[in-house]
2 protein chains.
Amino acid sequence: MDRRAAAWTDGPRIAELGEFGLIARIRKRTAGATPTPTVSRTVSSLRLGPGDDAALLSVPRGWDLVLTCDIQLEGHHFLRRSMSPREVGARAATVNLSDVAAMGGVPAAALVSLGLPLDLPVRAVDELCDGLMEVLARHGATLAGGNITAAGSLIVDVTLIGQVEEGKALRRSGARIGDTVFVTGWPGRAAAALATLDADEALWARLAADLGVPEAASLRERFRLHHAAPEARVAVGRFLVENQAASAAIDVSDGLGGDSRHLAEESGVRIVLEETFLPVDPDLAALAALLEVDPLRWVVGASDDYEMLFAAPRDRADLVLAMGTVLGAPVTPIGRVTEGAPGAMLQRRDGTRIELEAGWDHLSPDRGA
Amino acid sequence: MDRRAAAWTDGPRIAELGEFGLIARIRKRTAGATPTPTVSRTVSSLRLGPGDDAALLSVPRGWDLVLTCDIQLEGHHFLRRSMSPREVGARAATVNLSDVAAMGGVPAAALVSLGLPLDLPVRAVDELCDGLMEVLARHGATLAGGNITAAGSLIVDVTLIGQVEEGKALRRSGARIGDTVFVTGWPGRAAAALATLDADEALWARLAADLGVPEAASLRERFRLHHAAPEARVAVGRFLVENQAASAAIDVSDGLGGDSRHLAEESGVRIVLEETFLPVDPDLAALAALLEVDPLRWVVGASDDYEMLFAAPRDRADLVLAMGTVLGAPVTPIGRVTEGAPGAMLQRRDGTRIELEAGWDHLSPDRGA
């Protein structure tokens, strides 16, 4: 935790630089980042970057723009004691990349509004920008512009602009009866990470023993990273679009249950998930056993994961499973699209069914992480 | 002030609606707004609006995108006692429209991040959205999407996407030696409004008497509106682009002096403004006389105005002056572009010259409005 803490506390403060000094510093620091796209191609180009009243972007013919924004607030979405400035910047990019991924888009350009406490170390802003740029560049996107202002607590609001072939975007509304429902990765990991954020050393020692892990500290860090350093499934979205392999998609940032319901309602269909099929991270299962809680609480309930949930026609199921191998992205069939009242339910192992409700409510009292 | 205050305090709170209830309410309330462009044409179209992971926008061939964002924070950019929720929403749109205007762009679509205190009345969010939508629609733009989160104080961050004919954008860097420098409207009004935000009744009575205005209260409101309800010069930007009448442009949100310097530095030229030519609002001049301050402090110094400063070749000067009449936008020639070290100076009536420095610093301690 020490290195993380130092970046938030040590060295000169931004108040010493002033607005224009800080802008010049950020422009210089972010100018060097070169996008190295993991997706097939990036065809939008920035004609004019930061420094004028607005940025200019050229968009080639045949593509629609994909537009999304997501704000991250200190005390609501992150705490300084649980994330480094670099992680805050990287995560602010990732949550937006995840929305573009869920539309099947190619990330192109970002605009960033920063609200900065005047006593924030310059180093924290440097590292935040580094984390943001590193993640943007990895997915082929550039920084188009932004603005900074003084604020009582740290605010990072990112708008991400991507592009997708005309008419090919993965909407929430396209799921059809008979489709198979898939999810990437291991939903619930972020919820488990948040549940153990302030766990004492004894818990980590016991969990490490249960899992046969030699170092409790590294186990603790592994959990923390599930929340602090998620990955956006940009390559998955692109694969699905380029291969016309999905009928509908959503990212599960509100939780697998709630977002299954959102997808079903927008498509006017019923989604039935099978508990037997749900991917459960072994670490998460061990933690649930230790705490004597139902692991479904994390896997299906509100969790701040950035995995993708999507529906695919049956004749694309093999292709989707092959995609998992090709991209190194775990992808699991977890249920099906059926007739019935729009909504989502979970078929439990014991034969009971539970209706899945909306998950994570961003207006509920602060979670403290 | 009473009606303004009531919208911030009365009625049910947003916490009673929850996130998804509030999102549904905002979607319903903002769906009805129909853009009625004042600019010549709006050719981008929203293929998919709020409700999915991201929005989809189609952009016609031959146009570049114009991208900008600007965040407005309660306690830093506005106070509840000085602005209504409707004005906060309208102003958040205007400050971004002003950036698109300064590039000569046609506004197209906005994304909005809202940070909302849980005890905020639902009515305040309703009115804020109404103000935002009304201003967007007036300039031909639609709401493409957004996100909401709980926050300690009110946050409104708008990203605005516009479009401009390829290669026709008004950059800061195009001013050429021999150009005439123009400004729209009356810079300094916002600074004068902020200077009198907490002035007592006696000052308003004296100023009303000096100006021969019968009602001190309406005078006070006139001043307040200079800061609370600025207008973006979108039509001016479009006229300049469509008539190829300007070589460079900037909005003066950092103050006329500082932004003259920005324009000059980006263009690598020297700008000389003439005090004699500067447009000075008579109300502002009377206030300065009463307070025994130099009115230039407001006109040239830091002021939160959204007027446009631009350079035009000499053979376009008559066209620019005609534009003022056609658009009903006051436009004044205030100086010229000359050789010399990049920067800006003011030639005073007494023959002295002062170097113009950067103005309004968003990282300086809060101004309280």
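Hydrogens, waters and symmetry mates are skipped; everything else that's a heavy atom, side chains included, is used. Residue numbers begin at 1 in each chain, while the letters A, B, ... track the order of the sequences.
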Heavy-atom pairs under 4.5 Å with chain A, option from [options] with the top count:
options                             : value
B/Asp157, B/Leu73, B/Val66, B/Asn96 : B/Asp157
B/Thr68, B/Thr159, B/Leu56          : B/Leu56
B/Leu111, B/Leu263, B/Val100        : B/Leu111

Name the option with the most non-hydrogen atom pairs under 4.5 Å to chain B; the candidates are A/Gly51, A/Gly162, A/Gly21.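 Looking at each of A/Gly51, A/Gly162, A/Gly21 in turn, A/Gly51 comes out on top.
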Determine the option with the most heavy-atom pairs under 4.5 angstrom with chain B, choosing from A/Leu65, A/Leu170, A/Leu48. A/Leu65
For A/Leu120, which of A/Leu114, A/Leu154, A/Leu22, A/Leu128 qualifies under side chain to side chain contact (heavy atoms under 4.5 Å, CB included)?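 So the option named by the test is A/Leu154.
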Looking at A/Thr94, is its backbone amide N or carbonyl O close enough to the side chain of A/Ser98 to form a donor-acceptor pair, meaning the two atoms are under 3.5 Å apart? no
Keeping the roles fixed (side chain from B/Asp254, backbone from B/Asp259), state whether a donor-acceptor pair exists under 3.5 Å. no
Contacting moiety of [X], where chain A heavy atoms sit under 4.5 Å:
X        : answer
B/Ile161 : side chain
B/Ala249 : backbone
B/Arg171 : both
B/Val112 : backbone

Under a 4.5 Å heavy-atom cut-off, does chain B meet the side chain of A/Ala151, its backbone, both or neither? both
Turns out that what part of A/Leu160 lies under 4.5 Å from chain B's heavy atoms comes down to neither
Under 3.5 Å, is there a donor-acceptor pair between the A/Asn147 and A/Ser113 side chains?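 Side-chain D/A pair, A/Asn147 to A/Ser113: present.
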Restricting to side-chain contact (heavy atoms from CB on, under 4.5 Å), what partner residues turn up for A/Ala93, sequence neighbours left out? A/Leu97, A/Leu132, A/Val135, A/Leu136
For A/Asp53, check side-chain contact (heavy atoms from CB on, under 4.5 Å) against everything at least two apart and list the hits.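 Residues passing side-chain contact (heavy atoms from CB on, under 4.5 Å) with A/Asp53: B/Asp99, B/Ala102, B/Met103, B/Arg172, B/Ile250, B/Asp251.
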What do the steps show when you test A/Thr149 against B/His76 for side chain to side chain donor-acceptor pair (under 3.5 Å), and what is the final call? CA-CA 8 Å; A/Thr149 188; B/His76 295 261; 5.2 Å; no
When you compare the side chain of B/Leu309 with that of B/Glu307, does any pair of heavy atoms fall below 4.5 Å? no
